[in-house]
Amino acid sequence: MLESTLTGRDMQIEDVVSIVDEASQAMTFSRELLQSAIENISLGVSVVNHQQQLVVWNHRYLELFTYPKGFVRVGRPVEDLMRYNLTNANLSARRIDEIIADRCSSMREGQPMSYERQRPDGTVLRVDGSPIPGGGYVTTFQDITAMRRTEQALKETNIYLEQRVKERTQELQVINEQMLKAKSVAEQANQSKTRFLASASHDLLQPLNAARLFTSALAGKADDGEMKDLVDHIDSSLGAAEEIISTLLDISKLDAGALEPDIGVFPVNEIMRHLATDFSAIAKDQNLELHVVPSTVWIRSDAKLLRRVVQNFLSNAIRYTPEGKILLGCRRLKGYIRIEVWDTGPGIPEDQLAHIFEEFRRFQHGRDKKGLGLGLAIVDRISGMLNHPVSVHSVQGRGSVFGITVPTAAPEQSETAVAKATSSSRRVSNLGGLHFLCIDNDPAILQGMVALLGNWKCDVTAAESLEDAMEKLEGHKPDIILADYQLDDNKNGLDAMDSIRDALSEDIPGILITGYMAPEVREDAIDRGYQILYKPVKPAALRALVNKLLKQKRS
């Protein structure tokens, strides 16, 4: 039509009617599409034009409000709808006018709005409004009553739970205070018992020793058999009393922490050889066979305390084995050995295994009645002090096996032993020409290591870090790596040696040097294929370990 008007060309009335009809159909379709869309959403929707007159709404909008029939129609001012709803809310006329004025102003200015309104029936509506480009305003209405009730229920539940937690916390505080008081009383009683036992044991042992001396003198003068038997019984009774007091004293010292373990490295065979000598005659007197399987393993422990444990195992085995054999040997584990004592005694009932380490717990089927039931109690305390786990397995009618697990250690040799090894095997002990890579973040230690290895005619590359080592090696492969565990930047020697091996594509022997006694460090080193030495490093031990690595590499 515009083109016809501009060009001055006449247009037939039929063409005008057709164009207007098409436009009307398009507008009707668009309106129906919009109406269908808003009818299928869960929110109530109302749309007003720029004159704030209602033009579109959906069925949900009508459900949310109780408008009279025919009240909602196209062209109805939105102010009428607001006033009707607010009048039902029992508000004053002045307050209703203020609210209507404020909301109509926001709609005219195109300002978005969002608020909640609680109606007299208790329902809660959320109202959100947004301006339409070109004028007009669309408002959505959502019934959020269920959500607000849920929130209120959760809030009340939370308040209740907080109150219960507060009450329980107060109860726990009272219980903790009572437990602390009870613990304090128990600790004071235990300390008093320990002091009493230590004092009483010392005072009682003196006269007992004197009494035993007297009985020994009397035994030399007793001629007839009856008198000699009587003296032997007295001496035996005094010995049992002395054993009880000594054992109680040891337990009190262990409980009080008065015994400090003296950890060292030594061959396990030293303990086994001495115990074999001590118990062979005793076993023979009881018509038992004692077999001791020697071992070449070196271990890290307290020699005296560990010997006490194994000694108690052997004593119990002889006491409770009427006939058969007793075996003392070692079972190799990864980084550990388990020293075990086997017997062919009657065994221990399964329901009693959990109680055998309690004080004064002993069985009635032993060879004699002199057992105090304290030997395994001492074993349990020594095990905890040394961190050496104790195990027990038993089968009734077949026997029992008691074991204690001890960490292994690298052998330590004296300078004399090294000198003999050097003279007898020059090919293995001659370290001249070997290339050592030493990594330590302490320059003084590096200087000392360079001086020591230099005396052995060795070539040494000293580095303070992994990066320093890689720069100084320049691709050359060392024969052996010596690395400190704790390096700078939270790195450790094990990771450094792994990195060098990967960079040079060579399985280079390595020795970790550390002052950390933690078993996990040792286990990690062994798992990665490295040896370990503990500070302070003894030259003889280092040389012996290097020789061992060279032998392994050549084989």
Exercise. Near Arg94 CZ, under 6.0 Å, is it more than 12 heavy atoms from other residues, nucleotides or ligands?
Worked result: no
Exercise. Going from CD1 on Ile404 to OG on Ser301, what distance comes out if it is rounded to the nearest 0.5 angstrom?
Worked result: 7.0 Å
Exercise. Would you find a donor on one side and an acceptor on the other, under 3.5 Å apart, between the side chain of Asp495 and the backbone of Lys491?
Worked result: no
Exercise. Partners of Thr145 by side chain to side chain donor-acceptor pair (under 3.5 Å), sequence neighbours excluded?
Worked result: Asp143
Exercise. Are the side chain of Asn176 and the backbone of Leu172 linked by a donor-acceptor contact shorter than 3.5 Å?
Worked result: yes
Seminar exercise, completed: Residues passing the salt bridge (charged side-chain N to carboxylate O under 4.0 Å, His left out) test with Glu171, sequence neighbours excluded, are Arg168
Seminar exercise, completed: Heavy-atom nearest pair, Pro509 first then Leu549, reads CB-CD1, 4.1 Å
Exercise. Does atom CE of Met147 have more than 12 heavy-atom neighbours from other groups under 6.0 Å away?
Worked result: yes
Exercise. Can you check whether Leu512 reaches Met497 side chain to side chain, under 4.5 Å on heavy atoms?
Worked result: yes
Problem set entry | Whether Tyr137 side chain and Gly129 backbone form a donor-acceptor pair below 3.5 Å | yes
Problem set entry | Partner residues of Asp302 under the side chain to side chain donor-acceptor pair (under 3.5 Å) criterion, sequence neighbours left out | none
Problem set entry | Arg119 vs Asn85, side-chain contact (heavy atoms from CB on, under 4.5 Å): CA-CA, chis, key distance, verdict | CA-CA 9 Å; Arg119 299 193 289 189; Asn85 290 328; over 6 Å; no
Problem set entry | Asp343 side chain to Ser400 backbone, donor-acceptor under 3.5 Å | yes
For this session: For residues Val74 and Trp57, determine if any side-chain heavy atom of one lies less than 4.5 Å from a side-chain heavy atom of the other.
Result: yes
For this session: Begin with the C-alpha distance, continue with both residues' side-chain angles, and end with the deciding distance and a verdict on side-chain contact (heavy atoms from CB on, under 4.5 Å) for Met113 and Met107.
Result: CA-CA 9 Å; Met113 61 180 175; Met107 294 171 70; 4.3 Å; yes
Exercise. Is Val138 close to Val45 at the side-chain level, that is, under 4.5 Å between some pair of heavy atoms?
Worked result: yes
Exercise. Are the side chain of Arg501 and the backbone of Asp507 linked by a donor-acceptor contact shorter than 3.5 Å?
Worked result: no
Problem set entry | Pro407 versus His388, closest heavy-atom pair with distance | CD-CE1, 3.6 Å
Exercise. Is it the case that more than 12 heavy atoms not belonging to Tyr160 sit under 6.0 Å from its OH atom?
Worked result: no
For this session: Mark yes or no for whether Thr157, through its side chain, and Ala153, through its backbone, hold a donor-acceptor pair below 3.5 Å.
Result: yes
For this session: Check whether any side-chain heavy atom of Phe313 lies under 4.5 Å from a side-chain heavy atom of Val379, and answer yes or no.
Result: yes
Exercise. Does Arg332 reach the main-chain N or O of Val297 with its side chain, forming a donor-acceptor pair under 3.5 Å?
Worked result: no
For this session: With the side chain counted from C-beta on, respond yes when Asp527 and Lys334 share a heavy-atom pair under 4.5 Å apart, and no when they do not.
Result: yes
For this session: Could you give me the CA-CA distance, side-chain angles and deciding distance for Val309 and Leu386, then say whether side-chain contact (heavy atoms from CB on, under 4.5 Å) is met?
Result: CA-CA 11 Å; Val309 170; Leu386 299 179; 5.8 Å; no
Exercise. Can you name the one residue among Asp440, Ile513, Ile439 that meets side-chain contact (heavy atoms from CB on, under 4.5 Å) with Met449?
Worked result: Ile513
Seminar exercise, completed: Residues at least two apart in sequence or cross-chain that pass side-chain contact (heavy atoms from CB on, under 4.5 Å) with Lys155, listed by chain then number, are Gln152, Ile159
Exercise. Regarding Ser114 and Arg126, is there a side-chain donor-to-acceptor distance under 3.5 Å anywhere?
Worked result: yes
Problem set entry | Pairwise distance CD(Gln531) to CZ(Arg522) - rounded to 0.5 angstrom | 8.0 Å
Problem set entry | Check: Arg60 and Leu43 side chains under 4.5 Å, non-hydrogen atoms | no
For this session: Inspect the contact between Arg76 and Asp80 and indicate whether a charged nitrogen and a carboxylate oxygen are less than 4.0 angstrom apart.
Result: yes
Exercise. Between Ala410 and Leu533, what is the shortest heavy-atom contact and its length?
Worked result: CB-CD2, 4.4 Å
Problem set entry | Separation of Ile481 CD1 from Ile508 CD1 (nearest 0.5 Å) | 4.5 Å
For this session: Provide the full list of salt bridge (charged side-chain N to carboxylate O under 4.0 Å, His left out) pairs with a residue in residues 384-398, sequence neighbours left out, each pair given once.
Result: none
Exercise. Can the ring centroids of Phe65 and Phe141 be said to lie less than 6.0 angstrom from one another?
Worked result: yes
Exercise. Arg300 versus Val406: any side-chain heavy-atom pair under 4.5 Å?
Worked result: no
Seminar exercise, completed: Here the gap from Leu305 atom CG to Ser383 atom OG, rounded to the nearest 0.5 Å, amounts to 11.5 Å
Exercise. Can you name the closest pair of heavy atoms from Glu79 and Ile100 and give their distance?
Worked result: CG-CG2, 3.5 Å
Problem set entry | Minimum side-chain heavy-atom gap Ile348-Tyr320 below 4.5 Å | no
Exercise. Does Gly335 offer a backbone N or O that forms a donor-acceptor pair with the side chain of Thr408 under 3.5 Å?
Worked result: yes
Exercise. Taking it one step at a time, do Leu54 and Ser46 satisfy side-chain contact (heavy atoms from CB on, under 4.5 Å)?
Worked result: CA-CA 7 Å; Leu54 185 65; Ser46 68; 4.0 Å; yes
For this session: Would you give the length of the straight line joining atom CG of Leu437 to atom CG of Leu473, rounded to the nearest 0.5 angstrom?
Result: 5.0 Å
Seminar exercise, completed: With sequence neighbours left out, the residues meeting salt bridge (charged side-chain N to carboxylate O under 4.0 Å, His left out) with Arg164 are Glu167
For this session: Examine distances only and state if a side-chain atom of Tyr84 and a backbone atom of Thr66 form a donor-acceptor pair shorter than 3.5 Å.
Result: yes
Exercise. Hey, is the main chain of Leu180 close enough, under 3.5 Å, to the side chain of Ser184 for a donor-acceptor pair?
Worked result: no
Seminar exercise, completed: The reported gap from OH in Tyr530 to CG in Asp524 (rounded to nearest 0.5 angstrom) is 10.0 Å
Problem set entry | Nearest atoms (heavy-atom pairs only) where Leu504 meets Pro478 | CD1-CD, 3.8 Å
For this session: Looking only at non-hydrogen atoms, find the nearest pair between Ile96 and Leu91 and report the distance.
Result: CD1-O, 3.6 Å
